[in-house]
Amino acid sequence: MTAVASAERTHKRIGVVPASGALGAEITGVDLSQPLDDETFAEIEQAFFDNLVLVFRNQDISPADQAAFSQRFGPTEEHPLGSRRGLDDHPEVMVLENRPGKLGPRNDFWHSDISFGEVPPALSMLYAIEVTEGHADTMFCNMYTAYEELSEPLRDFLDGLQAEHNAETLVTEVPSRVQVTEVPPGVVHPVVRTHPGSRRKALYVNPYYTSHFIGMTREESKPILEYLYAQATRHENIYRHKWRVGDVLMWDNRANMHYAVRDYDENMPRFLHRTTAAGERPV
Ligand code: OGA
Ligand code: MN
């Protein structure tokens with residue numbers, strides 16, 4: 001089922017408007033400052049599995065509201081490397097901030113959050129409190145279709161493969177990205193994982209944290225990984241989100257990669273609250 005086909009699913013409690021042909025949907029009729037009944041939540045969760053990125057516009061939520069909504073999907077977590085500041089009274093709500101004298105954290109690389117962890121977060125959620133419209137978009141690509149559109153022999157090859165993920169690049173590549181000096185040892189994840197909610201298979205490698213396939217050298221792995229990334233990030237496989245104040249956007253780290261467009265400087269304010277909900281060990 002593609003994101004487009006699943007858009008035909010009927011919803012009673014919410015509106016689901018596809019945001020691109022590849023992935024993403026805008027959800028209407030939901031006020032995230034209010035507790036959600038189970039039926040509404042179930043429809044949101046289904047829309048999330050179908051579309052991988054959900055956008056709720058014009059929200060006005062407190063850190064407690066954001067934490068509570070995130071927790072419906074799984075326990076909220078602090079950043080494992082401590083590289084993001086959390087709010088004093090809500091340490092699980094992290095701050096992404098860009099303002100004069102303080103450049104925001106860089107995320108201008110395709111990645112899936114914390115894939116170097118044993119149990120990476122299922123989802124991440126951002127709430128836009130201040131934005132500079134037209135700048136600092138975030139891009140997402142669909143890793144279900146990136147897998148499904150490969151040839152059968154290549155899918156068969158990848159199905160049995162594992163890869164190492166580690167956070168080496170956080171230290172070595174661009175030191176200014178995050179203040180990290182020590183990283184945990186690498187972890188091994190399947191290259192193709194089955195999403196526990198949708199039961200669909202998704203490619204689970206990313207250029208920032210995946211170093212190589214297990215049993216193969218980095219030299220052997222590189223051209224294959226590069227090919228997969230090129231396929232995954234084709235324009236047709238991307239949703240590009242243009243931020244507005246009041247947006248709550250959540251993405252599924254199990255079946256997409258994202259990239260924060262770095263087309264701004266310190267004079268273009270940006271202030272978002274970020275939460276993550278725990279996932280499961282990829283299988
Ligand atoms: C993140 C991230 C993207 C953005 O918080 O994990 O990648 O646009 N953010 O800020
Ligand atoms: Mn990220």
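Each ligand, and each atom within it, is numbered from 1 in the order the structure gives.
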Is any side-chain heavy atom of [X] closer than 4.5 Å to a side-chain heavy atom of [Y]?
X: Leu103; Y: Asn98; answer: yes
X: Leu87; Y: Val95; answer: yes
X: Leu249; Y: His241; answer: yes

* To do: State, without any angle test, whether Asn142 and Tyr147 hold a side-chain donor-acceptor pair at a distance under 3.5 Å.
  => no

* Have a look around the Mn ion (ligand 2) and list protein N/O/S atoms under 2.8 Å, or say none. => His111 NE2, Asp113 OD1, His258 NE2

* Indicate the ring-plane relationship of Trp251 and Phe140, choosing parallel, tilted or perpendicular according to the 30° and 60° boundaries. =>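 The rings of Trp251 and Phe140 sit tilted, inter-plane angle from 30° to 60°.
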
* Does Glu77 have any side chain to side chain contact (heavy atoms under 4.5 Å, CB included) partners at least two apart in sequence or in another chain, and if so, which? -> Pro121, Thr276, Ala278

* Between atom CD of Glu168 and atom OG of Ser211, what is the distance when rounded to the nearest 0.5 Å? ->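 Glu168 CD to Ser211 OG: 6.0 Å, rounded to 0.5 Å.
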
* Is the distance between the ring centroids of Tyr204 and His189 less than 6.0 Å? ->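 Under 6.0 Å, so yes.
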
* Structure fact -> Sorted by chain and residue number, the side-chain hydrogen bond (donor to acceptor under 3.5 Å, both in side chains) partners of Glu164 (sequence neighbours excluded) come out as Asn166

One pair per line, please: each N/O atom of ligand 1 matched with every protein N/O atom under 3.5 Å away, atom names first, then the distance to 0.1 Å.
from, atom 1, to, atom 2, distance (Å)
ligand 1, 5 (O), Arg274, NE, 2.6
ligand 1, 6 (O), Asp113, OD1, 3.1
ligand 1, 6 (O), Asp113, OD2, 3.3
ligand 1, 6 (O), Arg274, NE, 3.2
ligand 1, 6 (O), Arg274, NH2, 2.9
ligand 1, 7 (O), His111, NE2, 3.3
ligand 1, 7 (O), His258, NE2, 3.0
ligand 1, 8 (O), Thr138, OG1, 2.6
ligand 1, 8 (O), Arg270, NH2, 2.8
ligand 1, 10 (O), Arg270, NH1, 2.9
ligand 1, 10 (O), Arg270, NH2, 3.4

